[in-house]
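Below: the structure, in structure tokens.
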Amino acid sequence: MTIRLYDTSARQIRDFTPLKPGCVSIYLCGATVQAAPHIGHIRSGLNFDIMRRWFEYRGYEVTFIRNVTDIDDKIIAKSADQGRPWWAIGYENERAFNEGYDVLGCLPPTYEPRATGHVTEMVEMMRTLIERGHAYEADGNVYFDVRSFPGYLQLSNQELENLQQPSGAGETGKRDPRDFAMWKAAKPGEPTWETPWGRGRPGWHLECSAMAHKYLGSAFDIHGGGLDLVFPHHENEIAQANAFGDEFARYWVHNAWVTMSGEKMSKSLGNSVLVREMVKQWRPIVLRYYLGTPHYRSMIEYSEEALREAESAFARIEGFMQRVVEKAGGTVEPAGEVPPAFAEAMDDDLGVPGALAVVHTTVRQGNSALAADDKEAAVARLAEVRAMLGVLGLDPLDPRWAGEGDRGEELHGVVDSLVGLVLQQREAARARKDWATADAIRDQLGQSGLVIEDSPQGPRWSLGPR
């Protein structure tokens, strides 16, 4: 068994070999908490949640770090616009992110450090880089000298001569416009911390280099994040960490975006779809299925039609599972192992689409077993489906999803009784061979959003797709 991952730095899929046998260390760039999360933000956390689950299934002990950027230019700008403390905005939105991760079934990280809690580590890193000639102070700012680091831009595969380095207001005193800020000098009304070079606040890139070193040491296995972070963020992280003396990440894994009309979902574009609003319209497990089942390196073009298709596909899986549980007369535990074809797909760069195809094939086999009244085979297929969905965090029979989505659980019994009365009328019509009336009742229920299925145990209903 060998897990293989696409490494952005190598531009190819590589066999995964951990630094420490049996252990995997992952650092994921988490939330910048200037606003509540949209589904594009949460996709990254969800993709790496699936990665973590697969490593754990394969027997690895996983240390998973997901940071919180609770101070940066955007948060400070929001503070000025809203007349609220920067820390209040950050904390409010940090809670919103954690609620979003939780409602979509993401496991909590091993540690979730905040940038503002690690200024001491940042100062130590800057001091070492200045001593080694890789950084310098100017006008209270501290900059990284990109020409001092020969490996700069290898991750993003750019040429230094053509580099356009993003710069913020107040970044004065640079020796080269391509140098990037590690520390920003104090400005009126902004939060500041004391350093040997005067008061100021950290730059975004420095935060992650310092926190990764703090929690994972000088070398770790996987650094993850969205594709948009390759440059400048991850490129600058590498420069700081390597110049400091860290080997840093051995594999770089990046997830693609959620897009709308071909553009990256972004607050600045005004095309965000907030998680807290989405879960009011869609069951969270369906939203997880929609965001988590495309390949992590594939773009997702958001549309309600695509979500409805995901809902229908997942409903077919749930319907099979419910029918088998009823036939078995009790709980069916997940199988001890997933089918080999599922494992092969997941080992190959987390090939969730291929793995999901195995799920649907197994569901079809299970439905055939039900039609043949082969209870033993149907139960075996359900056990396999539960094992596969469990790895993906999508098992609707898991206690995690009990009562999930609040689609009127308290009303289910009432609706069941009312529909039952109508179905009794339909059965009476069928008994007297009044097929027109029976079909009319079924069609009317269908127009109400219910799917009626005739089984050997009698008619049953379920909610159809929207």
Mind checking whether P202 and M182 have side chains closer than 4.5 Å, heavy atoms only? no

Under the ring-ring contact (aromatic ring centres under 6.0 Å, His included) test, residues paired with Y57 that sit two or more places apart: W54

Would you find a donor on one side and an acceptor on the other, under 3.5 Å apart, between the side chain of S44 and the backbone of G40? no

Hey, are H223 and E237 close enough side-chain-wise for a donor-acceptor pair under 3.5 Å? yes

What do the steps show when you test D347 against R4 for salt bridge (Lys or Arg N to Asp or Glu O under 4.0 Å), and what is the final call? CA-CA 6 Å; D347 283 341; R4 306 170 71 232; over 6 Å; no

Residue pairs passing the ring-ring contact (aromatic ring centres under 6.0 Å, His included) test with at least one member in residues 338-367, sequence neighbours excluded, are none

Just wondering, are more than 12 heavy atoms of other shown residues or ligands nearer than 6.0 Å to CD in E344? no

Enumerate donor-acceptor pairs with a distance under 3.5 Å from any side-chain N or O in residues 273-280 to protein atoms, sequence neighbours excluded.
{"residue": "E277", "atom": "OE2", "partner": "K280", "partner atom": "NZ", "Å": "3.4"}

Donor on one side chain, acceptor on other, D81 and S79, under 3.5 Å: no

Aromatic plane relationship, W252 with H254 - under 30° parallel, 30 to 60° tilted, over 60° perpendicular: parallel

List in chain and number order the residues that pass ring-ring contact (aromatic ring centres under 6.0 Å, His included) with W86, two or more places apart in sequence or in another chain; answer none if no residue qualifies. none

Qualifying residues under salt bridge (Lys or Arg N to Asp or Glu O under 4.0 Å), relative to D221, sequence neighbours excluded: none

Filter on salt bridge (charged side-chain N to carboxylate O under 4.0 Å, His left out), then keep only pairs touching residues 295-305, sequence neighbours left out; what's left? R297-D349, E304-R308

Are the side chains of V338 and M346 in touch, meaning some heavy atoms are under 4.5 Å apart? no

Hey, can you pull the donor-acceptor pairs under 3.5 Å for the side chains in residues 350-359, sequence neighbours left out?
none

Check I65 against P113 and note the closest heavy-atom contact, atom names and distance. CG2-CD, 3.7 Å

Is Q12 atom CD crowded by more than 12 heavy atoms from other residues, nucleotides or ligands, each under 6.0 Å away? yes

Please examine the side chains of L153 and F231, heavy atoms only from C-beta on, and report whether any two atoms are closer than 4.5 Å. yes

When you measure from the side chain of Y143 to the backbone N and O of T172, does any donor-acceptor pair fall under 3.5 Å? yes

So does S156 get a backbone contact from the side chain of E235, meaning a donor-acceptor N/O pair under 3.5 Å? yes

Between S209 and L206, is there a donor-acceptor pair closer than 3.5 Å when you use the side chain of the first and the backbone of the second? no

Do the side-chain N and O atoms of D70 and T116 include a donor-acceptor pair separated by under 3.5 angstrom? yes

Indicate yes or no for a side-chain donor-acceptor contact from R199 to the backbone of T192 under 3.5 Å, with no hydrogens or angles considered. yes

Check whether any side-chain heavy atom of Y290 sits under 4.5 Å from a side-chain heavy atom of Y302, and report yes or no. yes

Under 3.5 Å donor-acceptor pairs involving side-chain atoms of residues 210-220, not counting sequence neighbours:
{"residue": "H213", "atom": "ND1", "partner": "D246", "partner atom": "OD1", "Å": "3.2"}
{"residue": "H213", "atom": "ND1", "partner": "D246", "partner atom": "OD2", "Å": "2.7"}
{"residue": "K214", "atom": "NZ", "partner": "E121", "partner atom": "OE2", "Å": "3.3"}
{"residue": "Y215", "atom": "OH", "partner": "H118", "partner atom": "NE2", "Å": "2.7"}

Determine whether R386 and L382 satisfy the following criterion, side-chain contact (heavy atoms from CB on, under 4.5 Å), listing intermediate values before the conclusion. CA-CA 6 Å; R386 287 204 66 190; L382 173 56; 3.9 Å; yes

Could you tell me whether the side chains of R316 and N367 share a donor-acceptor contact shorter than 3.5 Å? no

What residues, two or more places apart in sequence or in another chain, satisfy side chain to side chain contact (heavy atoms under 4.5 Å, CB included) together with E161? R147, R178

Under 3.5 Å, side chain of N93 to main-chain N/O of A36, donor-acceptor pair present? yes

If the test is side chain to side chain contact (heavy atoms under 4.5 Å, CB included), which one of N236, D145, I238 qualifies with Y152? N236

Under 3.5 Å, is there a donor-acceptor pair between the side chain of T362 and the main chain of R381? no

Salt bridge check: are D179 and K174 linked by an N-O gap of less than 4.0 Å? no

Taking the side chain as every heavy atom from C-beta outward, state whether L389 and M321 have any atom pair closer than 4.5 Å. yes

List in chain and number order the residues that pass ring-ring contact (aromatic ring centres under 6.0 Å, His included) with F144, two or more places apart in sequence or in another chain; answer none if no residue qualifies. F180

Quick one: are the ring centres of Y6 and Y251 less than 6.0 Å apart? no

Does L392 offer a backbone N or O that forms a donor-acceptor pair with the side chain of R288 under 3.5 Å? yes

Listed once per pair and sorted, the salt bridge (charged side-chain N to carboxylate O under 4.0 Å, His left out) pairs that draw on residues 94-111, sequence neighbours left out: E94-R114

Heavy-atom count check: over 12 atoms from other residues, nucleotides or ligands less than 6.0 Å from E61 CD? no

H234-H205 aromatic ring centre distance below 6.0 Å: no

Which of these passes ring-ring contact (aromatic ring centres under 6.0 Å, His included) with Y289: F314, W282, W401? F314

Is a salt bridge present between R127 and E137, judged by a nitrogen-to-oxygen distance below 4.0 Å? no

Report the residues that fulfil side chain to side chain donor-acceptor pair (under 3.5 Å) with D73, sequence neighbours left out, ordered by chain and then residue number. K184, R201

In short, I50 meets G292 closest at the heavy-atom pair CD1-O, 3.6 Å

Indicate yes or no for a side-chain donor-acceptor contact from H38 to the backbone of H41 under 3.5 Å, with no hydrogens or angles considered. yes

Quick check for you: to the nearest 0.5 Å, what is the distance between D7 atom CG and R250 atom CZ? 10.0 Å

Between D72 and T32, is any side-chain donor less than 3.5 angstrom from a side-chain acceptor? no

R400 side chain to D395 main-chain N or O, any donor-acceptor pair under 3.5 Å? no

Exceeds 12 heavy-atom contacts within 6.0 angstrom, atom CZ of F149: yes

